[in-house]
Amino acid sequence: MLTTKPRGINDILPEEVWKWQYIENRLRDLAGRFGFQELRMPIFEHTELFQRGIGDTSDVVEKEMYTFTDRGDRSLTLRPEGTAGVARAFVENKLYSGTLPGKYYYIGPMFRYDRPQAGRYRQFNQFGVETIGGHEPAIDSEVIAFAYEIFHGLGLENVLVHLNSVGCPTCRKAYRAVLQDFLRPSLGQLCDTCQNRFERNPMRILDCKSKHCHELIQGAPTITQYLCEDCQKHFEQVKAILDGMGISFKINQGLVRGLDYYTRTAFEITAGKEGSQSALCGGGRYDNLIEEIGGPALPGIGFALGMERLLLVLDQQGIPLPKPDLCDVFVAGLGENAEIITSTLCHQLRLAGLRVQRDFQGKGLKAQMKAADRYAAKIVLILGDEEINRQVLICRQMWNGEQTTIEIKDAASFVVNTLSAIEVEGEMK
RNA sequence: GUGGUUGUGGCGAAGUGGUUAACGCACCGGAUUGUGGCUCCGGCACUCGGGGGUUCAAGUCCCCUCAAUCACCCCA
């Protein structure tokens with residue numbers, strides 16, 4: 001072949017896509033129940049939106065963006081995440097003039113130039129929500145409850161909410177100084193990356209997976225000890241509401257989200273799987289982002305989940321998803337005389353709302369029966385010369401092999417009735 | 001960006017320098033002249049991810065490259 005798909009990019013084939021559709025439908029339904037509306041933003045934006053929004057020191061901006069120049073010499077970037085785009089759309093369309101907080105969700109592909117791995121791809125899909133214009137702790141809790149319910153509702157085991165507060169610029173400034181004081185004596189022993197982080201973003205050192213660094217940061221002061229009064233109160237209230245809703249969570253003081261815009265509440269959700277790519281969902285509050293990109297000073301909070309990772313754990317945990325029926329009726333026409341009648345019949349059945357398959361290659365009855373079986377057709381209609389001469393056809397019920405001869409003109413209504421009858425029977429069981 | 005493993009038909013998988021590249025599943029056809037799921041029989045890779053090299057001879061050795069995968073990093 002001429003070429004293959006680019007690295008880290010995947011086709012989602014029909015045999016797989018029904019799972020996606022099922023989950024997407026559930027997500028949309030759940031979003032509606034929580035009062036969120038869909039917002040579709042573009043796949044690419046001006047590069048500076050992500051640079052300013054996500055933060056220059058983040059890995060995403062530093063080394064993972066798909067940035068290109070268009071024919072007008074503009075620097076554009078394929079969106080690596082959704083929040084910045086929603087924020088931009090919110091400001092640009094002056095959505096702050098509506099009822100606040102605005103509650104939006106999005107679903108679609110994101111792009112990051114990473115080394116691909118299980119559960120990590122260069123084009124991956126996220127479902128995310130954002131609420132903009134509310135600072136109340138109840139909003140944090142509602143967003144976390146929504147995220148939790150997505151996973152819980154699908155039947156996943158060991159769903160765990162990791163919760164932390166990363167403070168606001170005021171308390172973070174104080175904490176940053178304390179943390180640097182703590183680390184300074186062992187600065188030389190930290191890994192290269194962490195030495196780099198020391199000035200630029202010392203809180204990220206707490207997140208370092210290197211064993212050596214991990215030992216050195218034992219006993220480090222935690223941000224929660226240095227939260228200002230407002231942040232502390234906010235955090236306590238979020239926890240209290242979650243308790244009240246019966247949503248369990250675990251405080252994880254090492255949880256520092258990778259994007260620079262986060263303030264106060266930060267959370268992540270995992271489901272059993274330990275180690276790499278275990279985060280199914282990540283989110284948090286971003287109280288300065290909207291203002292940062294030139295909008296009014298409105299706070300926000302949201303999360304995003306990775307569809308590929310969700311599908312992966314569902315599979316690992318053996319959670320069955322309902323597979324839709326692909327075929328109600330297979331029309332088996334035999335010989336040239338059946339051609340027009342077969343086509344017409346298929347069309348009528350489809351107009352009657354049925355899923356219909358047929359053969360186009362003039363195969364024998366045996367081969368057509370085999371095909372019908374593979375389509376998992378519930379009913380096969382057989383049309384040969386004998387039947388056509390008498391203007392009838394044979395209706396075979398594949399689940400029990402029973403056959404009835406009926407008139408061609410009655411076929412559609414007969415099939416509809418037969419199928420609705422067995423559906424009712426199925427429901428009664 | 002770093003390190004490890006892998007790459008043979010649609011899929012899984014033998015083959016460890018030497019004639020026609022096992023086998024299983026799937027697929028197609030037949031046994032059952034007009035009827036699926038079982039059984040039996042038959043068919044199905046000018047070719048071993050791509051390129052170059054070593055050799056009388058390479059799927060088998062070497063180099064490069066691409067891709068997958070795992071770990072690190074990071075994150076969804």
Side-chain angles (χ1 to χ4, degrees), chain A residues 1-10 13 15 54 57-64 79-83 107-128 147 150-151 191-194 196-197 204 207-211 213 255-259 268-271 273 275-283 302-313 330 332-335 338 359 361 363-388 393-403:
Chain A
M1 66 190 295
L2 176 63
T3 184
T4 55
K5 61 188 157 63
R7 185 161 207 204
I9 305 291
N10 292 301
L13 303 176
E15 60 188 55
I54 301 171
T57 66
S58 67
D59 277 28
V60 172
V61 172
E62 270 185 345
K63 49 189 197 194
E64 295 173 5
R79 62 185 190 189
E81 56 103 51
T83 305
I107 184 162
M110 304 294 164
F111 306 82
R112 288 187 204 171
Y113 192 90
D114 248 9
R115 189 102 179 241
Q117 222 178 103
R120 192 174 80 185
Y121 305 99
R122 290 186 173 179
Q123 175 176 334
F124 60 102
N125 290 276
Q126 284 190 336
F127 167 85
I150 291 169
F151 303 107
C191 71
D192 291 349
T193 325
C194 284
N196 243 313
R197 288 166 169 162
R204 296 275 296 284
D207 222 12
C208 187
K209 306 288 191 300
S210 130
K211 253 188 205 154
C213 294
L255 179 64
V256 185
R257 313 245 65 250
L259 313 182
E268 218 167 89
I269 294 181
T270 57
K273 187 170 177 281
S276 60
Q277 330 310 341
S278 61
L280 294 177
C281 164
F303 69 80
L305 67 86
M307 294 289 288
E308 286 82 357
R309 287 186 190 179
L310 175 54
L311 267 323
L312 196 64
V313 275
F330 186 97
L334 302 168
D359 165 69
Q361 299 166 334
K363 287 188 183 174
L365 181 58
K366 184 188 175 68
Q368 294 202 47
M369 290 299 293
K370 224 172 163 177
D373 194 48
R374 271 199 294 267
Y375 283 123
K378 301 186 191 93
I379 284 176
V380 175
L381 299 180
I382 301 166
L383 267 166
D385 289 338
E386 268 177 48
E387 288 77 21
I388 292 170
L393 52 71
I394 295 170
C395 173
R396 179 182 177 89
Q397 304 180 165
M398 294 297 273
W399 65 92
N400 61 8
E402 276 177 34
Q403 298 192 165

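Here is how names work: the chains are called A, B, and so on, in the same order as the sequence lines, proteins then strands, and each is numbered from 1. Computed from a predicted structure; not experimentally measured. Scope of the values below: all heavy atoms of this structure, side chains included, with no hydrogens, waters or symmetry mates.
Nucleotide B/rC27 is matched to B/rG43 when pairs are restricted to Watson-Crick or G-U wobble geometry with both distances under 3.5 angstrom. Here B/rG17 sits opposite no nucleotide as a Watson-Crick or G-U wobble pair (both hydrogen-bonding atom distances under 3.5 Å). Both distances falling under 3.5 Å, in either a Watson-Crick or a G-U wobble arrangement, occur for no nucleotide opposite B/rC75. Pair assignment for B/rC38: none, as no Watson-Crick or G-U wobble contacts are both less than 3.5 Å. In a base pair of the Watson-Crick type (N1 to N3 plus N6-O4 or O6-N4) or a G-U wobble (N1-O2 and O6-N3), with each distance short of 3.5 Å, B/rU69 is matched with B/rG4.
On the C1' atoms, B/rU8 is 13 Å away from B/rC23, given to the nearest whole Å. Separating the C1' atom of B/rA21 from that of B/rU60 is a span of 12 Å, rounded to the nearest Å. The P atoms of B/rU6 and B/rC46 are separated by 27 Å, rounded to the nearest whole Å. Of the P atoms belonging to B/rG42 and B/rA58, the separation is 34 Å, rounded to the nearest Å. Separation of the P atoms belonging to B/rG18 and B/rG36 is 48 Å when rounded to the nearest angstrom. Taking the P atoms as reference points, B/rG9 lies 9 Å from B/rG50, given to the whole Å. B/rC48 sits 38 Å from B/rA31 when the P atoms are compared, rounded to a whole Å. If you take atom P in B/rG30 and the same atom in B/rC66, they sit 48 Å apart, rounded to whole Å.
Distance CZ (A/R115) to C1' (B/rU5): 12 Å, rounded to an integer number of Å. Regarding A/L334, its CG atom lies at a distance of 10 Å from the P atom of B/rU35, rounded to whole Å. What separates CG of A/D114 from P of B/rA68 is a distance of 13 Å, to the nearest Å. Separating the CG atom of A/L312 from the C1' atom of B/rU69 is a distance of 13 Å, rounded to the nearest angstrom. If you take NZ of A/K5 and C1' of B/rC66, they are 12 Å apart, rounded to a whole angstrom. Atom CD1 in A/I382 sits roughly 10 Å away from atom C1' in B/rG36 (whole-Å rounding). Distance A/F151 CZ to B/rA76 P: 12 Å, rounded to the nearest Å. Straight-line distance from the CZ atom of A/F124 to the C1' atom of B/rC75: 8 Å, rounded to whole Å.
A/R115 places a side-chain heavy atom less than 4.5 Å from the side chain of A/R120. Residues A/R112 and A/P80 form a side-chain contact, since some pair of their non-hydrogen atoms from C-beta on lies under 4.5 Å apart. Residues A/R79 and A/P109 form a side-chain contact, since some pair of their non-hydrogen atoms from C-beta on lies under 4.5 Å apart. At a threshold of 4.5 Å between non-hydrogen side-chain atoms, the residues A/L305 and A/L280 do not count as touching. Side-chain contact between A/I150 and A/F127: present, with at least one pair of heavy atoms (C-beta onward) separated by less than 4.5 Å. Side-chain atoms of A/R7 and A/R122, non-hydrogen and from C-beta on, do get closer than 4.5 Å to each other.
The shortest heavy-atom contact between A/D114 and A/E64 is OD1-OE2, 2.9 Å.
With 3.5 Å as the limit, one finds a donor-acceptor pair spanning the side chains of A/E308 and A/N125.
Checking A/I379, A/I382, A/D359 one by one against A/F330, the side-chain contact (heavy atoms from CB on, under 4.5 Å) holds for a single residue, A/D359.
Within 4.0 Å (heavy atoms only), A/G8 reaches sugar-phosphate atoms of the nucleic acid but no base atom. Here A/E64 lies in heavy-atom contact (under 4.0 Å) with sugar-phosphate atoms only. Within the 4.0 angstrom heavy-atom criterion, no nucleotide atom of any strand lies near A/E308. A/G128 comes within 4.0 angstrom of no nucleic acid atom, judged by non-hydrogen atoms across all strands. Counting non-hydrogen atoms under 4.0 angstrom, A/A372 reaches nothing in the nucleic acid. Residue-level contact check: A/Y121 touches the bases, meaning some heavy atom is under 4.0 Å from a base atom.
Between A/N125 and A/E386, it is A/E386 whose nearest contact on RNA chain B lies nearer the 5' terminus. Nearest-nucleotide mapping onto RNA chain B: of A/L280 and A/R7, the residue sitting toward the 5' end is A/R7.
For A/E387 and B/rG34, a side-chain-to-base donor-acceptor distance below 3.5 Å is present, hydrogens and geometry of angles not being considered. One cannot find a donor-acceptor pair under 3.5 Å joining the base of B/rU69 and the side-chain atoms of A/Q117. Applying the 3.5 Å distance criterion, the base of B/rC73 shares a donor-acceptor pair with the side chain of A/R120.
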Can you pull every protein N or O that's under 3.5 Å from an N or O on nucleotides 25-33 of chain B?
unit_1: B/rC27; atom_1: OP1; unit_2: A/R374; atom_2: NH1; d: 3.0
unit_1: B/rC28; atom_1: OP1; unit_2: A/R374; atom_2: NH2; d: 2.9
unit_1: B/rC28; atom_1: OP2; unit_2: A/R374; atom_2: NH1; d: 3.4
unit_1: B/rC28; atom_1: OP2; unit_2: A/R374; atom_2: NH2; d: 3.4

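Closest to the side chain of A/D373, from the set B/rG37, B/rA76, B/rA68, is B/rG37.
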Can you check side chain to side chain contact (heavy atoms under 4.5 Å, CB included) on A/M398 and A/V380, steps first, answer last? CA-CA 7 Å; A/M398 294 297 273; A/V380 175; 3.5 Å; yes

